[in-house]
Trainee: 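I'd like to ask some things about the structure below.
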2 protein chains.
Amino acid sequence: MDRFVSLQRKIAPEIGELIDIRYSILRHIHFSQPVGRRTLSSRLAEKERTVRSELEFLRQQGLLAVGPAGVSLTPEGERTFADLGEYVRELRGFARLERGLEERLPVARVVVVAGDSGRDPTVKKEMGRAVVRILRDIVEEGDIIAAGGGTTMAEVAAAIVPSGWPKGITVVPARGSLGEEVETQADTIAVTMAKRMGGAYRVLNVPDDLHPETISRIVDEPRIKEVLDLIKRARVVVHGVGTLEEMAKRRGITGDALEILTSRGAVAEMFGYYFDSDGKMVYYTPSMGIRPEDLAGKKLIAVAGGAKKAQAVLAVMKQQSREALVTDEAAARRMLELEG
Amino acid sequence: MDRFVSLQRKIAPEIGELIDIRYSILRHIHFSQPVGRRTLSSRLAEKERTVRSELEFLRQQGLLAVGPAGVSLTPEGERTFADLGEYVRELRGFARLERGLEERLPVARVVVVAGDSGRDPTVKKEMGRAVVRILRDIVEEGDIIAAGGGTTMAEVAAAIVPSGWPKGITVVPARGSLGEEVETQADTIAVTMAKRMGGAYRVLNVPDDLHPETISRIVDEPRIKEVLDLIKRARVVVHGVGTLEEMAKRRGITGDALEILTSRGAVAEMFGYYFDSDGKMVYYTPSMGIRPEDLAGKKLIAVAGGAKKAQAVLAVMKQQSREALVTDEAAARRMLELEG
DNA sequence: AGCCCCGGGACGCATAGCGTCCCGGCGGAG
DNA sequence: CTCCGCCGGGACGCTATGCGTCCCGGGGCT
C-alpha cells in the first residue's frame, strides 16, 4: 500500500492537487450543505469557474446532487468523503508528518488533518473532530476539563457528539474572556462543551482587561475562587494557540506592550501568556485563570492549524511536554521545515 | 487496496489516462532503449510534442536519462517500470477483466496485459512474456509443443529466456507457412522456440499455398509424415488468432473464397481454418498440419490482442475449451462488451 | 413582499500546451 | 573516411481549452 502510494507519487504526482481540491470541496459541502457555488468558491479561495467545473465533475460521478438551495452530498458522496479521509492521509503521507513532529517535539501524539485552516475554515471543524476523538480516549469519570478560547476551540466544542461521555465531568474556562466575540470566549466554549458532554460547568464571567487591582479584588470573591480552584485541579486542558499578530490585532495591545513583546521576541500566545520561539515565557497580560506552572502534570491537548501559526505552535509546544497536538497539514509541513 | 483503487477511480479518474501514456512510454523505452523521441512518438501513435512533454517529466522524476543515442531508463526507472506492471493491473482492474472472461468463455486461465497491441507493438512483447510464464508452468520433460505463426507468436518465441526448461522438448510448427515474412512463419518460430528452450525441432518447410494434389503427395513423404505425426502427438499448442480482414490482406484470398467466407459469416482464423462468431468452422484453406479435431485433449494456449481482434478471439475461444488465453486490455474490454 | 442566494447559461479572452519545423551533433554503416 | 539518419534541444505560432466574469430566472427564508 505504501509502495503503491509512493509509486503513484512518482509516476503521477499531479493527482495530489487534483485530490486536494476535490477533497476540500467535498469537505466543505459535507459541513455546510446545502451550499451554493459562489459561497463555496469564496470560502475555498478558489475561482468560481474552477469550483464549478469540479462541482460538475463530482455531480457526474454521483457524489453530489444539486437542489434548489445548493449542492449536497449524495449518500455515496458521504461514504466517499468518509473514506477519503483515510485515503488522503495515506496519499499525502500524514503518518510521516505526525511521526516527524512527535520525534522533534515533546508531544506524545500528533494528529494531522488535511488542508490549511488559514485558507479553509472547515479544516478547523476536522481538527475539532480529531480533538474530540482524543478526548474520548482520555476523559474519565469525574474529570475536570479546562478549556481555552478561540475560533478553533469553538469548533472543538461544536464537534462533540453528545452521548457516551463519562459521568461527573466538569468543564471550566481556562481563563477569563479576551474581549472576543462571545462565541469564541473560553466561558462560552466551556458551557457548550459541558452541555454536550452531559456535565457541569462553571464560568468566570469576568473580562480580563480590567485593572490589575480590580482583578486581585475579584479573585477573592468566593464564586470566582471556587472556579479558579477547579481550574487548578483540572486534569485535562484543551487549548488553542495564538500568534503575536493575531493577538495584537484582536485585543488592542497598546504601543508600549507591543514594543516589549516584539523586543523580547514573543511569537506565540496561550492563556494570555506570551512565549518566544524557544518556548520561554516573556510576557503576560494581567488576568485570572490558569498559569503556566499549573500545567505540569495535566493532560494537555493543543489544537491549532494554518501555515501562519506554525511558528507559534512550535513555540508553545516547546514550552512544556504535552499529551497531544492536533494541527493541519499546512502547519505541520511548515513546522517540519522550520525544525529542519 | 481494492477500496483504495476504486476510491481513486471515483475521485480522480483522469489519472488513468495519465498512467496509461506514461506506462506505455516506459514500456516502450524498456524494450527499445536507447530510443529517440520521434521514433517513440510514431510508434505510440502519439504526437511528438506530447511524448516530449512526458519524456521531460519522466526525466525530471529521475526515471530516465538522455544519452546521445536517445533516452534510456535509469535503474530507478527500470525498478519503477517493473513495479508499475502490478500497479497498473490493480488500477485498471485487470483481475476483474480476467475473471469476467474466465466466467464467460471455456478458458481455465485468462491473462490480461496493459495496452492495445493494435496501437503499440511492445504490448505484444508483454503478451509474449506472459505466454512464456504460462509455458513455464505447463511444459514437462519430453513434451512436444506445436507452435503457430504470426507476429504475436514471434514475440512469444523472442520472450523465452533460455534456461531452466525441462529436457527433451520438441517444438514443431502447427502447420505449413502462410506465405508471410519468414520471421513470422510457424517454421521459424518453432525453431527459435526450440533453440531457446534447449530442445529439438522439426520443420515442414513447405509453403501451403500449393495445389491440393501437390499437398497430398507431399504428405506421404517420410520426413513430412514424421513431422505431421509429431504435431498430432503434441501435448501443448500455442497459437495466435487471425481476423478475416487480416488474412484476406496477408494472403491474397481470391474473390471467390472471400465471398464464401463472408457469406458464411467467417470472422476468425486459426491454423488456416475459419470460424464464424459462434466458433463453428465454416471454411478451410487446403494445407497440412494440425486439424481442429486434433486439438481435443491438448493444452491449448491462445495469444492475441488488440481491440480489432476481439471478435475473432471470442470466436476462436468458443471453438473449444482451452487452457489459457493471453490477451491485452483493449481486446479484453472489447470482448466483455461484446459478450455483455 | 422583498431580498438574497441558488443553478445554469453565455461569452470573450488568456494562456498553456500542442504541432511543427529546424539545427548542430554524433554514431553507425557502407 | 564520408555520408546519412536519427538524436536532443530550441523556437515559435496557433489553437483550443478552460478560466473569469457577468447575467438571468427562480425559489426560499425573513
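Throughout, a chain's letter reflects where its sequence line sits, starting with A, and its residues are numbered from 1.
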Trainee: Would you please name every residue forming a side-chain contact (heavy atoms from CB on, under 4.5 Å) with B/T243, sequence neighbours left out?
Mentor: B/E245, B/E246, B/K309, B/A312
Trainee: For the pair made of CZ in A/F57 and P in D/dC19, what is the distance, rounded to whole Å?
Mentor: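 Going from A/F57 (CZ) to D/dC19 (P), I get 14 Å.
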Trainee: Roughly how many Å is it from CD in B/E56 to P in D/dC7, rounded to a whole number?
Mentor: 17 Å
Trainee: State, with a plain yes or no, whether a side-chain heavy atom of B/F4 is found less than 4.5 Å away from one of B/E90.
Mentor: no
Trainee: Measuring from B/E155:CD to B/I189:CD1, what's the distance to the nearest 0.5 Å?
Mentor: 9.5 Å
Trainee: In whole Å, I'd like the distance from the CD atom of A/E14 to the P atom of C/dG17.
Mentor: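 For the pair A/E14 CD and C/dG17 P, the rounded distance is 10 Å.
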Trainee: With sequence neighbours left out, which residue pairs that include part of residues 25-49 of chain A fulfil the ring pair (Phe, Tyr, Trp, His ring centres under 6.0 Å) condition?
Mentor: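 Output for this query lists A/H30-A/F81.
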Trainee: Consider only side-chain N and O atoms of A/R49 and A/S53, and report whether a donor and an acceptor are under 3.5 Å apart.
Mentor: yes
Trainee: Using a cutoff of under 3.5 Å, can you pull out all pairs of nitrogen or oxygen atoms linking the protein to nucleotides 10-12 of chain D, with atom names and distances?
Mentor:
| residue | atom | partner | partner atom | Å |
| --- | --- | --- | --- | --- |
| D/dG10 | N7 | B/R52 | NH1 | 3.3 |
| D/dG10 | N7 | B/R52 | NH2 | 2.4 |
| D/dG10 | O6 | B/R52 | NH1 | 2.9 |
| D/dA11 | N6 | B/R52 | NH1 | 3.4 |

Trainee: Test B/Q8 against A/Q8 for side chain to side chain donor-acceptor pair (under 3.5 Å), laying out the working first.
Mentor: CA-CA 11 Å; B/Q8 186 156 291; A/Q8 185 155 290; 2.7 Å; yes
Trainee: Tell me: CZ of B/R59 to P of D/dC7, nearest whole Å?
Mentor: 16 Å
Trainee: Output a table of nitrogen or oxygen pairs between the protein and nucleotides 23-30 of chain C separated by less than 3.5 Å.
Mentor:
none

Trainee: Kindly determine whether B/D328 and B/S117 satisfy side chain to side chain donor-acceptor pair (under 3.5 Å), including the steps that lead there.
Mentor: CA-CA 7 Å; B/D328 63 19; B/S117 55; 2.8 Å; yes
Trainee: Could you state the CG-P distance from A/L55 to D/dC19, rounded to the nearest angstrom?
Mentor: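 Distance, rounded to whole Å: 13 Å.
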Trainee: Establish, with yes or no, whether the OP1 or OP2 oxygen of D/dC6 is under 4.0 angstrom from a side-chain nitrogen or oxygen of B/T39.
Mentor: no
Trainee: To the nearest Å, give me how far apart NZ (A/K47) and P (C/dC13) are.
Mentor: 18 Å
Trainee: Using five pairs at either end of the helix from C/dA1-D/dT30 to C/dG30-D/dC1, determine the angle between the two local helix axes and round it to 10 degrees.
Mentor: 30°
Trainee: Under 3.5 Å, is there a donor-acceptor pair linking the side chains of B/S41 and B/K47?
Mentor: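 The criterion, which ignores hydrogens and geometry beyond distance, is not satisfied for B/K47 and B/S41.
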Trainee: Can you name the residues that form a side-chain contact (heavy atoms from CB on, under 4.5 Å) with B/T39, not counting sequence neighbours?
Mentor: B/V35, B/R43
Trainee: Which listed nucleotide (D/dG8, C/dC18, C/dG8) is nearest to the side chain of B/V66?
Mentor: D/dG8
Trainee: Could you check whether B/R129 pairs with B/E126 (Lys NZ or Arg NE/NH1/NH2 to Asp/Glu carboxylate O, under 4.0 Å)?
Mentor: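 Counted as a salt bridge, because a side-chain N and a carboxylate O are separated by less than 4.0 Å.
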Trainee: Mind calculating the distance between CG (B/L64) and P (D/dC7) to the nearest angstrom?
Mentor: 14 Å
Trainee: Counting only heavy atoms not in A/Y23 (residues, nucleotides, ligands), do more than 12 fall under 6.0 Å from its OH?
Mentor: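 Yes, because the 6.0 Å sphere around OH of A/Y23 holds more than 12 heavy atoms from other groups.
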Trainee: Below 4.0 angstrom from OP1 or OP2 of D/dG20, is there any side-chain N or O of A/T50?
Mentor: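 So the side chain of A/T50 is within the cut-off, an N or O lying under 4.0 Å from OP1 or OP2 of D/dG20.
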Trainee: Touch check for B/V51, heavy atoms < 4.0 angstrom, all strands: base, sugar-phosphate only, or nothing?
Mentor: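 Nothing, no heavy atom under 4.0 Å.
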Trainee: What is the separation between atom CG on B/L44 and atom C1' on C/dC18, rounded to the nearest whole Å?
Mentor: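 These atoms are roughly 17 Å apart.
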Trainee: May I ask you to test the B/R92-B/R333 pair for a side-chain heavy-atom distance under 4.5 Å?
Mentor: yes
